[in-house]
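In what follows, a structure is listed as structure tokens, so that the remarks can point back to it.
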Amino acid sequence: MSTEKNKLKAKKERAVLALNAVLLLLAVLIPFAFLFGICFAAPSQYKNTFLGELGDKYDRLYSIKEPKIVVIGGSSTAFGLDSELLEKNLNMPVVNFGLYATLGTKVMLDLSEDAIGKDDIIVIAPETDKQTLSLYFNAETVWQGLDGKMNMLKHIKSENKKDMVGAFFGFTSKKFGYMINGAPDPAGVYNHSSFNEYGDIIYDRPYNIMALGYDPNMTVDFDTSMLSEDFIDYLNAYISKAEKKGAKVYYSFPPINESAIAAGVTEETIYNYYDFISRNINCDVISDPNNYILNENYFYDSNFHLNDSGVIVRSANIIKDLYKALGITETVRIEIPKPPSRSETGGETTDGDNSYAGYFTYSDFGKGLVITGTTDEAKLLKNITVPTVYNGKTVLAIGEEAFKDCGSLKSITINANIAQFYDRAFSGCNTLTKIIMNYNSAEGVAVGSDLFGGAPDSAKMYFPSQKGFESFVSDYFWGPYDANGNRIMPDY
């Protein structure tokens, strides 16, 4: 009898264990299935953003079966090409396959590889920047670009799949949040609606809107070490595959703001850069980089983004280079516009709190001022507000290490007069936790890639305005601070 009871007891225990195992499996699978459904089945939440254009560029690239011209790069290609002008002068369909440096050049190469066919002409022109000349890969941004067009996922290479898995939860969580609270719909040029059918940005941008005429966070030094060895190898492998398919691959250069060229760069520096690329990239370099160094008034909101006039200049240069490479002897007849006059740019005028104006040090910044540091009295404060005006001049920028040694500072309030944030602006501000951003839009607010360098992990930007938060979190320049470190937070 005792044996039968023991057997029955053991059977019940096994049943309980089996049930627990099933429940545990369901506890794991149900949330994953939920997230999987959000990722792959739910409507795109990024369709109105700048990254929402990636799927359209992909569709155009793969839909053209005849010989075509494909220009591959980053945002300098999106902002710097009149594809219709190329099409008319070269009598071939054109695909503008450049979008966003935070995606990385590697992603654009990987997505385009299977679409390359016989007699295609491929022009590769990444920005002259360390990030775009490497195998940089940002999985969160890639997920956002794939949203709504998940069939592109098949082109993501095996070496990047671990990063994609790691970013899956963060992406789906944010996507679900947008499904509940509303999808981002950026104002201005960084909306998906700014693109035409070729993949060119056609948003009206008549002149340079940068306060200094260039972005001081992103100077160009033509240092050959920007091109990493693994990137060169990867690019050469891509070129080899394309040429085996019967395509012709050329290397060109992005437009470069002449005012952004680093001190010490000489003609010899630029020639050595060109020579290095010519010797190490296994395709014809068809362009002279000097022809792509343009007057600052041809640019828009970065050292690589052209305005409407600049687009014509850069497109004419590419057409001339392709004529020469293809042996076309006709003269390129395109009227080149003169550099447009600068606008009266600067931060948004506000009636902000100027009571702390005497706690800062300043220097001239265009027609206004840049904050260069703080006084000894400011270093004892726990909270401070950046002024709008000082001595009759608008405060337009916050300089590098402007708050250095402010060991007690916990919060900084910044109003919309600030149009330029220098890299490492909050470096050395070791107790900082809250940066209150009184902005309604990120448009025209310049920032580099290392704003929080030297700042504590606790330092985050808080937006009292929902409109401001949504604008910054989906902005071309500011978005990476959310994707890479969750530095942009709602506060409403």
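Since the structure is predicted, the reported quantities are computational estimates derived from the model, not experimental observations. Index from 1, following the sequence.
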| said: Keeping D475 on the side-chain end and S471 on the backbone end, is there a donor-acceptor pair under 3.5 Å? | reply: no
| field | Pair Y178 + Y46: ring centers closer than 6.0 Å | value | yes
| field | Trace of the ring pair (Phe, Tyr, Trp, His ring centres under 6.0 Å) decision for F463 with F472 | value | CA-CA 9 Å; F463 289 80; F472 274 75; 4.6 Å; yes
| message | Assess the residue pair N138 and Y136 against the criterion (side-chain hydrogen bond (donor to acceptor under 3.5 Å, both in side chains)); give the C-alpha distance rounded to whole Å, side-chain angles, the decisive distance to 0.1 Å, and a yes or no. | response | CA-CA 7 Å; N138 187 306; Y136 170 86; 3.1 Å; yes
| query | Would you call the rings of F50 and Y476 parallel, tilted or perpendicular if under 30° counts as parallel and over 60° as perpendicular? | reply | perpendicular
| said: Just to verify, which of V95, V311, I318 counts as forming a side-chain contact (heavy atoms from CB on, under 4.5 Å) with L81? | reply: I318
| Plane angle bin for Y58 and Y62 - parallel if under 30°, tilted between 30 and 60°, otherwise perpendicular | tilted
| message | Is it the case that over 12 heavy atoms from other parts of the model lie below 6.0 angstrom from the CZ atom of R279? | response | yes
| query | Does the side chain of L153 reach to within under 4.5 Å of the side chain of M164, using non-hydrogen atoms? | reply | yes
| Under 3.5 Å: donor-acceptor pair, side chain of K57, backbone of G199 | yes
| Expected output: side-chain N307 to main-chain R205 donor-acceptor under 3.5 Å | no
| request: On the 0 to 90° scale, with breaks at 30° and 60°, tag the F40-W143 ring pair as parallel, tilted or perpendicular. | output: perpendicular
| CE of M92 to CG of L86: how many Å apart, nearest 0.5 Å? | 10.5 Å
| request: Would you sort out whether L99 and F195 count as a side chain to side chain contact (heavy atoms under 4.5 Å, CB included), showing the intermediate values? | output: CA-CA 11 Å; L99 188 60; F195 292 87; 3.7 Å; yes
| said: Check whether D482 reaches the backbone of V473 with its side chain - one donor and one acceptor, N or O, closer than 3.5 Å. | reply: no
| query | Do K149 and D59 sit within salt-bridge range, that is, some charged N less than 4.0 Å from a carboxylate O? | reply | yes
| task | Begin from the C-alpha positions of Y292 and D321 and carry the test side-chain hydrogen bond (donor to acceptor under 3.5 Å, both in side chains) through to its verdict. | result | CA-CA 11 Å; Y292 290 77; D321 292 340; 2.6 Å; yes
| task | Begin from the C-alpha positions of K175 and D147 and carry the test salt bridge (charged side-chain N to carboxylate O under 4.0 Å, His left out) through to its verdict. | result | CA-CA 9 Å; K175 182 174 178 179; D147 191 30; 2.7 Å; yes
| request: Hey, can you tell me if Y300 and F79 have their rings parallel, tilted or perpendicular (30° and 60° cut-offs)? | output: parallel
| said: Please tell me whether N48 and Y190 have a donor and an acceptor in their side chains that are separated by less than 3.5 angstrom. | reply: no
| said: Could you check whether atom NZ of K88 has more than 12 heavy atoms from other residues, nucleotides or ligands sitting under 6.0 Å from it? | reply: no
| More than 12 foreign heavy atoms under 6.0 Å from NZ of K324: is that the case here? | no
| message | Quick one about N96 and D200 (side-chain donor to acceptor, distance below 3.5 Å, no hydrogens or angles considered), yes or no? | response | yes
| query | Looking only at side chains, do Y422 and D215 share a donor and an acceptor under 3.5 Å apart? | reply | no
| Test item: Y198 and D82 side chains (from C-beta on) under 4.5 Å apart, heavy atoms | no
| query | Is a donor on one side and an acceptor on the other found under 3.5 Å between the side chain of S194 and the backbone of V189? | reply | yes
| query | What orientation do F421 and W478 show, parallel under 30°, tilted 30 to 60°, or perpendicular over 60°? | reply | perpendicular
| With side chains defined as the heavy atoms from C-beta onward, is the minimum distance between L103 and Q144 less than 4.5 Å? | no
| C283 side chain near Y250 side chain, heavy-atom distance below 4.5 Å | no
| field | Sub-4.5 Å side-chain heavy-atom contact between I122 and I72 | value | yes
| note | Tightest non-hydrogen contact, residues T102 and P480, listed as OG1-CG, 3.5 Å
| Side-chain ion pair, K241 and E113, N-O less than 4.0 Å | yes
| query | Any chance CD of E268 has more than 12 other-residue heavy atoms, nucleotides or ligands included, within less than 6.0 Å? | reply | no
| task | Run the numbers on K106 and E159 for salt bridge (charged side-chain N to carboxylate O under 4.0 Å, His left out), then give the verdict. | result | CA-CA 11 Å; K106 182 181 185 296; E159 62 267 22; 3.1 Å; yes
| said: Is it true that, when you exclude N151 itself, more than 12 heavy atoms of the residues, nucleotides or ligands shown sit nearer than 6.0 Å to its CG? | reply: yes
| remark: Closest heavy-atom pair, P126 versus L133, reported as atoms and distance to 0.1 Å, is CG-CD2, 3.6 Å
| field | Student check: side-chain heavy atoms of D129 and T132 closer than 4.5 Å | value | yes
| message | Quick check: F304 with F299 (ring centres under 6.0 Å apart)? | response | no
| query | Cation-pi between R487 and F452: NZ/CZ under 6.0 Å from ring centre and within 45° of the ring axis? | reply | yes
| Which atoms form the tightest heavy-atom contact between N280 and I232, and what is the distance? | O-CG2, 3.5 Å
| said: Measuring only between side-chain heavy atoms, which start at C-beta, is H305 closer than 4.5 Å to I201? | reply: no
| said: A side-chain contact here means heavy atoms from C-beta on lying under 4.5 Å apart; do L90 and L326 qualify? | reply: yes
